[in-house]
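These notes concern the structure reproduced below.
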Amino acid sequence: MEIGIDKIGFYTPHFYVDMEKLAHARDTDPGKYLVGIGQEKMAVAPTTQDSVTMAANAALEILDDEDKQAVDMVLFGTETGVDHSKSGAVWVHHLAGIQPRARAVELKQACYGATAAIQLAMGHIALNPESKVLVLGSDIAKYGLRSGGEPTQGAGAVALLISANPRILALDKEQALLTEDIMDFWRPIHSDKAFVDGKFSNESYIKFFTTVWNEYKEKTGRTLDDMAAICFHLPYTKMGRKAFRAIIDEASEEVQESLKERYEESIAYNKVVGNIYTGSLYLSLLSLLEQGEELTEGARIGLFSYGSGAVGEFFSGTLKAGYQQYMLGEKHQEMLDNRKELSIEEYEDIFEQSLPTDGSAIELEVEEDPAPVVLAGVRDEIREYINK
Ligand code: CAA
């Protein structure tokens, strides 16, 4: 039985900052952000969006009534969860209207959470072929104004429906894994901003990638020539490029050329959204499938997931015939095109806004936010979510 990705939904907030203007404001050569980091625009979340609302908006894009009855597990990967106890999965389960006889739980391991969720979903469906699992990856990446990580911020969510007989990507059974206790990027419980050892995080990412890639080859007997494309976790689009460079020579010249072309397609969305942590790898897959026209049935796509701290995994899947009919490329392009550009002052203002931490209530202005699901306020320490 084949198990894999049946549908992919995506949501990003309606605000962005232009990276060239951010570079000028930070007295930096724009070439560093545009080429050196490889980012053009950076999504900014208003206070009416958090990891729960973004995940719910991504899920609502793909779930029909039949899915809402068939989903019996909601797995929410995030590293910017909104509660230390209650999982975001329970809120999304409610906001998306999923039938009640379901399991709902949040998973955390930096940007790796959604990948862990996919693998758990595969096992669950192998035992329960009629089930569908909703996997969510949703985050707001925040490093701080004028910090080294600032140009690699972003916000957004990806929702994946995992099922038997998938219509988009059938996942291969083999994976290669690596876990090591390192401090390359972390966020202490008291802080709403991430801490990072930038250079070490880059080196760790590449070390993890080459290690799991070599192990994947050994386990499967497949080589780079067997890959039609490789999608990477993309904290910024230059990162995947650097990792690719470490192995690209293994492919024949012809394959190298086509892998490079596919890579450009796989970064189109990430380049204008920024880092969305758990959803980032799957945003890259979505970008490849919606921006590329060269991929055909049976094409194998490699996927590299990396969650600082750190866990890395390389796995793969093959494309299903007619997958194009299930992609929502026009809708996603429209969402990206209709965003409002923020001035640097407006962005800094929004960045500094936060919900009260002293128990007082707040009512948020939701009219300006075009998303269906928004955070309307907080009362008695309870977040009030609405689906407009
Ligand atoms: N024109 C073109 N390129 C330029 C340039 C210019 N004018 N000026 C600089 N550059 C290039 C540099 O040569 C460099 O290129 P290479 O990486 O190929 O060497 C690139 O721009 C970046 O320059 P610096 O290394 O000097 O930049 P920095 O020290 O300010 O920091 C960063 C870059 C480490 C990525 C920082 O933004 C950061 O800490 N980001 C957050 C951490 C991160 O994303 N780590 C990635 C791996 S961890 C992970 O993947 C998990 C996760 O999601 C966080």
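Nothing here was measured: the structure is a model prediction, and the numbers come from that model. If you read the sequence from its start, that first residue is 1, and numbering goes on from there. Every number for a ligand or one of its atoms is a count from 1 in the order of the listing.
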ask   = How about atom 25 (O) of ligand 1: does it have a protein heavy atom within less than 4.0 Å?
value =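 Protein heavy atom within 4.0 Å of atom 25 (O) of ligand 1: absent.
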query = For the residue pair F209 and F314, does the interplanar ring angle fall in the parallel (under 30°), tilted (30 to 60°) or perpendicular (over 60°) class?
reply = tilted
Identity and separation of the nearest protein heavy atom to [atom]:
{"atom": "atom 29 (O) of ligand 1", "value": "K32 NZ, 4.5 Å"}
{"atom": "atom 19 (O) of ligand 1", "value": "K242 NZ, 4.3 Å"}
{"atom": "atom 37 (O) of ligand 1", "value": "G148 O, 2.8 Å"}
{"atom": "atom 41 (C) of ligand 1", "value": "T152 OG1, 3.4 Å"}
{"atom": "atom 21 (O) of ligand 1", "value": "G36 CA, 3.0 Å"}
{"atom": "atom 42 (C) of ligand 1", "value": "V196 CG2, 3.5 Å"}
{"atom": "atom 2 (C) of ligand 1", "value": "G31 O, 3.3 Å"}
{"atom": "atom 18 (O) of ligand 1", "value": "K238 NZ, 2.8 Å"}

query = Does any N/O atom on Y236 come nearer than 3.5 Å to any N/O atom on ligand 1?
reply =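 No - when backbone and side-chain N and O of Y236 are compared with those of ligand 1, no distance drops under 3.5 Å.
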query = For Y277 and ligand 1, does the shortest N/O to N/O distance drop below 3.5 Å?
reply =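 For ligand 1, there is no N or O atom that lies under 3.5 Å from one belonging to Y277.
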query = Can you tell me if S191 uses its side chain to pair, donor with acceptor, with the backbone of R187 under 3.5 Å?
reply = no
ask   = Are K142 and F351 in a cation-pi setup, meaning NZ or CZ lies under 6.0 angstrom from the ring centre and within 45 degrees of the ring axis?
value = yes
query = More than 12 heavy atoms of other residues, nucleotides or ligands under 6.0 Å from NE2 of H124: is that the case?
reply = yes
Close approach, E150 and ligand 1, non-hydrogen under 4.0 angstrom =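 Contact absent.
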key: Note: R26-E348 ion pair, threshold 4.0 Å (strictly below)   = yes
